[in-house]
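Just so it is clear, the values below take in all heavy atoms, side chains as well, and ignore hydrogens, waters and symmetry mates.
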Amino acid sequence: QNLLPQALDLAKRANKVNPSDTSSVTAVVSLHIKLGEWQEALRAIDQHARKGFMRRADMLRLRGLTHLMHAESMLEQSRTEEAQRAAVQASKFLRGFVPATILLAKVYAASAQSDKAIKVLYKAWRNDQHPQLAAMIQSLAGSNKKKYAKILKAIASNANDLAALWTCS
């Protein structure tokens, strides 16, 4: 941990020497993230992209991952408002990325917004019947099985369809 600032300085120098090398900016970003310097990480991504050294898709992915790590860190510290802002951004940049959706739902649940969490999860589940999404919905539904009966029925029906697909004859 004590060597991270030195490593960051070296990565920044490497980035200045060869700015078209995306691995150097990735190193700079990851070190900023490890140091909890979220804005600096986003600034490094933006500067690299603005200079034309990064494809738009790579820029969006790195920004999304930075927001995702920020949200995880804030949630661990029980800073739910900040975690929610970062998780929403991560979800926007990483559309369809299940870990981002699950983290957003966890943040909503930690903020006593279980209905919103289930809504986000179910919307994602309709696009990608991922088992982690289904498990999280079932977990959040908890004792409110009646309230979420329609959603739980759709998930259970899909689970049966998937099981039939994988049955060997």
Side-chain angles (χ1 to χ4, degrees), residues 1-137 139-140 151:
Q1 191 74 344
N2 296 337
L3 299 176
L4 289 178
Q6 287 176 313
L8 180 59
D9 288 339
L10 289 172
K12 285 180 178 179
R13 275 196 264 162
N15 191 35
K16 282 183 183 174
V17 169
N18 189 2
S20 63
D21 179 21
T22 56
S23 63
S24 63
V25 77
T26 302
V28 170
V29 169
S30 68
L31 288 165
H32 277 304
I33 288 171
K34 286 180 182 177
L35 289 166
E37 299 172 349
W38 313 110
Q39 293 306 315
E40 290 84 353
L42 294 170
R43 201 171 302 118
I45 295 165
D46 289 344
Q47 286 173 353
H48 203 69
R50 213 173 308 121
K51 292 177 182 175
F53 296 127
M54 184 183 293
R55 294 182 336 204
R56 180 171 166 70
D58 293 335
M59 186 253 318
L60 294 175
R61 181 182 54 80
L62 273 177
R63 285 185 66 82
L65 292 173
T66 302
H67 285 296
L68 185 69
M69 298 301 293
H70 184 195
E72 283 179 351
S73 176
M74 294 302 101
L75 187 58
E76 286 173 8
Q77 296 174 34
S78 299
R79 294 169 60 183
T80 54
E81 285 183 30
E82 198 170 341
Q84 185 172 333
R85 282 192 300 274
V88 166
Q89 288 299 313
S91 185
K92 284 180 184 176
F93 285 114
L94 301 170
R95 294 206 187 276
F97 187 53
V98 172
T101 304
I102 288 176
L103 182 63
L104 179 58
K106 284 180 182 178
V107 170
Y108 282 144
S111 303
Q113 298 179 47
S114 293
D115 288 345
K116 204 169 188 177
I118 290 175
K119 182 179 176 181
V120 164
L121 290 166
Y122 185 59
K123 182 178 178 183
W125 182 84
R126 285 192 317 235
N127 293 326
D128 176 15
Q129 285 78 37
H130 196 282
Q132 285 181 318
L133 295 170
M136 184 79 174
I137 291 169
S139 170
L140 287 174
I151 293 172

At what distance, to the nearest 0.5 angstrom, does CG of Asp115 lie from NZ of Lys119? 10.0 Å
Measuring from atom CE of Met59 to atom CZ of Phe53, what distance do you get when rounded to the nearest 0.5 angstrom? 15.0 Å
Let me confirm one number: the CE-CZ distance from Met54 to Arg61, rounded to the nearest 0.5 Å. 8.5 Å
For Met69, does the CE atom have more than 12 heavy-atom neighbours from other residues, nucleotides or ligands under 6.0 Å away? no
Do you know the tightest heavy-atom contact between Ala110 and Leu75? CB-CD1, 3.9 Å
Are Arg85 and Gln89 packed together at the side-chain level, in the sense that at least one heavy-atom pair is separated by less than 4.5 angstrom? no
Around atom CD of Glu81, are there more than 12 heavy atoms from other residues, nucleotides or ligands closer than 6.0 Å? no
On a heavy-atom basis, which atom in Ala44 and which in Val28 lie closest, and how many Å separate them? CB-CG1, 4.0 Å
Under 3.5 Å, side chain of Thr66 to main-chain N/O of Leu62, donor-acceptor pair present? yes
Taking C-beta and beyond as the side chain, do Leu94 and Leu65 meet within less than 4.5 Å on heavy atoms? yes
Using a 3.5 Å distance criterion without hydrogens, assess whether the side chain of Ser73 forms a donor-acceptor pair with backbone atoms of His70. no
Between atom CG of Leu104 and atom NZ of Lys92, what is the distance when rounded to the nearest 0.5 Å? 10.5 Å
Should His67 and Leu42 be marked as a side chain to side chain contact (heavy atoms under 4.5 Å, CB included) after you check the CA-CA gap, both sets of side-chain angles, and the distance that decides it? CA-CA 9 Å; His67 285 296; Leu42 294 170; 3.6 Å; yes
Can you list the steps and then say if His32 with Gln39 is a side-chain hydrogen bond (donor to acceptor under 3.5 Å, both in side chains)? CA-CA 9 Å; His32 277 304; Gln39 293 306 315; over 6 Å; no
Checking Ile45 against Val25 for the side chain to side chain contact (heavy atoms under 4.5 Å, CB included) test, could you report, in this order, the C-alpha distance in whole Å, the side-chain angles of both residues, the deciding distance, and whether it holds? CA-CA 7 Å; Ile45 295 165; Val25 77; 5.7 Å; no
Any sub-3.5 Å donor-acceptor pair from Gln113's side-chain atoms to Ala109's backbone N or O? no
Output the distance between atom NZ (Lys106) and atom OG (Ser139), rounded to the nearest 0.5 Å. 9.5 Å
Looking at Thr22, is its backbone amide N or carbonyl O close enough to the side chain of Thr26 to form a donor-acceptor pair, meaning the two atoms are under 3.5 Å apart? yes
Closest non-hydrogen contact found for Ser24 with Asn15 is OG-OD1, 3.0 Å
Taking every heavy atom of Thr80 against every heavy atom of Ser111, the minimum-distance pair comes out as CB-OG, 3.5 Å
Correct closest heavy-atom pair for Ala11 and Ala27 would be CB-CB, 4.1 Å
Are Gln6 and Leu3 side-chain neighbours, meaning at least one heavy-atom pair lies under 4.5 Å? yes
Which side-chain hydrogen bond (donor to acceptor under 3.5 Å, both in side chains) pairs, counting each pair once, include a residue from residues 42-55, with sequence neighbours left out? Asp46-Arg63, Arg55-Asp58
Side-chain touch His130/Trp125, heavy atoms, less than 4.5 angstrom: no
Taking every heavy atom of Ile151 against every heavy atom of Ile118, the minimum-distance pair comes out as CD1-CG2, 3.9 Å
Nearest-0.5 Å distance that lies between atom CZ in Phe97 and atom CD1 in Ile102: 10.0 Å
